[in-house]
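Single-structure report; data block below.
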Number of protein chains: 2
Amino acid sequence: MAIKRKDSSTEQKIVVAAQKTFMLRGYDGARMQDIADQAGINKAMLHYYFDTKDKLFEMVFATAYTQIAPNLSILTNESVPLMLRVENFVNHYTTVLMEQPQLASFVVNELNRNPEKVMHFLRGLVSDNTLAQAFMRSVEKEGKTNANMAKLHPIHLLMHIVSLCYFPFVGKPLFQYLLKLDEFQFQIVLEQRKQETILFLKLMIEGKK
Amino acid sequence: MAIKRKDSSTEQKIVVAAQKTFMLRGYDGARMQDIADQAGINKAMLHYYFDTKDKLFEMVFATAYTQIAPNLSILTNESVPLMLRVENFVNHYTTVLMEQPQLASFVVNELNRNPEKVMHFLRGLVSDNTLAQAFMRSVEKEGKTNANMAKLHPIHLLMHIVSLCYFPFVGKPLFQYLLKLDEFQFQIVLEQRKQETILFLKLMIEGKK
DNA sequence: GTCTATAATTTGATAGAC
DNA sequence: GTCTATCAAATTATAGAC
């Protein structure tokens, strides 16, 4: 035992421990001591590798955001029918969130609580800048070939889709309490939701069951 | 033995200040000093009136929860048609959340981050215990008189409704960033959503536009 | 009831030995 | 690169005067 590892291995242990701790407790609730304990090292090491709590946090947030921020390009690729794009979107994020249930809650909450720590990172992301407009155009285009969705407003469609996919995870404790579902039962409901949500959205987009 | 009467006006100032601070920063991010400053008093007074930070928080959370926890009785009153109940629900919570935009984010986040501080309060609420079942029954009953919604699962309908109403507020910073909406534009979108959401749900429940 | 001053504890960060 | 020991600041909470 007590075999000293190389830098990258220690760094990796820190990253994993920091992800767990920040996701579970948020920036304000996370303690450097907890991260050190979970990584099996001491606090001094954390600062040796990542300097400050803020830098550690930014690293964790950046990874989390790129994993969960709605990838609008999935919804924007016009070579694929709109409904299929939506289906891919729902399936993708439901799967990702079932693997990391606190991801959405973490990102959404830090955006609310610590915007100043997070905004300078978001401003660095130029990739998102035109995607929203591209999505709107592609929905409007679809409206011209499908009378059923002529009145469908792109912004609201996007908010519907994202809300239906994300909130079940963000509001997990609320739903579990209200519906008296244990962990196993809740997982089943989440799995069912892939189909339920797609069916629901299909009804709206294509105007038929 | 002589019980000192606490100044209700000071107490009220503390309550308001605590609500603002906890809602904005969460339990972990809130500082007693900030609450004192905002109430125009000093920290000693806070402890004189509410003893500990935990007690102050529990008071704030209890009020917030009862304001925003989905009032399922709105959805359960079988003397009103299901679709009208849903409409009332959407209108009610959209209005409440537009008046207090951080309410949903606060409650949902504390349920995730500090369940131990919050669960003993939730356990004290017996009123919610049977409402979920009542809602399920009333939806299933409606299914027997309306072929269009025969396949509509009550749990998923509930999760759809709550997700569509709450997430636009919880995810407000995310949507504002993605869609490049300023405060004014976002308020307009939220106002539109009342009708958009109801239309969407009507389509599902009644199977028609 | 309200205040000032201060205690007691927690926490992020650093110094320095090995 | 890793550790122990410790600092400085922040933060909840209390003591005691008025």
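Fair warning: this is a prediction, and the values are worked out from it, not measured in the lab. Within every chain, numbering begins at 1; the chains are lettered A, B, ... in the order of the sequence lines, protein sequences first and strands thereafter.
Between the P atom of D/dT2 and the CD1 atom of A/Ile14 lies a distance of 8 Å, rounded to the nearest Å. In this structure, B/Asp51 places its CG atom 15 Å from C1' of D/dA15, rounding to the nearest Å. With rounding to whole Å, B/Asp54 atom CG is found 15 Å from C/dT9 atom C1'. The interatomic distance linking A/Glu11 (CD) with D/dT2 (P) rounds to 11 Å, in whole Å. Straight-line distance from the CG atom of B/Asp28 to the P atom of D/dT11: 12 Å, rounded to whole Å. Rounded to an integer number of Å, the gap from CE of B/Met45 to C1' of D/dC18 is 12 Å. Atom NZ of A/Lys55 is separated from atom C1' of C/dA13 by 12 Å (rounded to the nearest Å). Put simply, CZ on B/Phe50 is 16 Å from P on D/dT12, counting in whole angstrom units.
Heavy atoms from other residues, nucleotides or ligands lying under 6.0 Å from NZ of A/Lys20 number 12 at most.
Looking at residues 109-121 of chain A, you'll see that no heavy atom sits under 4.0 Å from any atom of DNA chain C. Contact check of residues 32-44 of chain B against DNA chain D (heavy atom, cut-off under 4.0 Å) returns B/Met32, B/Lys43, B/Ala44.
Side-chain nitrogen and oxygen atoms of B/Tyr48 include none within less than 4.0 Å of the OP1 or OP2 phosphate oxygen of D/dT14. Using a 4.0 Å cut-off, no side-chain N or O of A/His47 falls inside it from OP1 or OP2 of C/dT14. The side chain of A/Arg31 contributes no N or O atom lying less than 4.0 Å from OP1 or OP2 of C/dT10. Distances shown here put every side-chain N or O of B/Thr52 at or beyond 4.0 Å from the OP1 or OP2 atom of D/dT12.
Within the 3.5 Å criterion, the main-chain N or O of B/Lys194 finds no donor-acceptor partner in the side chain of B/Asn91. For A/Asn109 (side chain) and A/Asn112 (main-chain N/O), no donor-acceptor pair under 3.5 Å exists by modelled atom type. With hydrogens and angles disregarded, a donor-acceptor distance shorter than 3.5 Å links the side chain of A/Tyr166 to the backbone of A/Ile68.
Between B/His156 and B/His153, the two ring planes are perpendicular [angle over 60°; tilted spans 30° to 60°]. The aromatic rings of A/Phe200 and B/Phe200 lie parallel to each other, their planes meeting at an angle below 30°, with 60° marking the opposite boundary. Ring planes of B/Tyr27 and B/Phe22: parallel class, angle under 30° (limits at 30 and 60°).
The pair A/Asp28-B/Arg25 meets the salt-bridge criterion, with a side-chain N (NZ, NE, NH1 or NH2) lying under 4.0 Å from an Asp/Glu carboxylate O.
Using modelled atom types, one finds no donor on one side chain facing an acceptor on the other under 3.5 Å when comparing B/Asp34 with B/Gln38.
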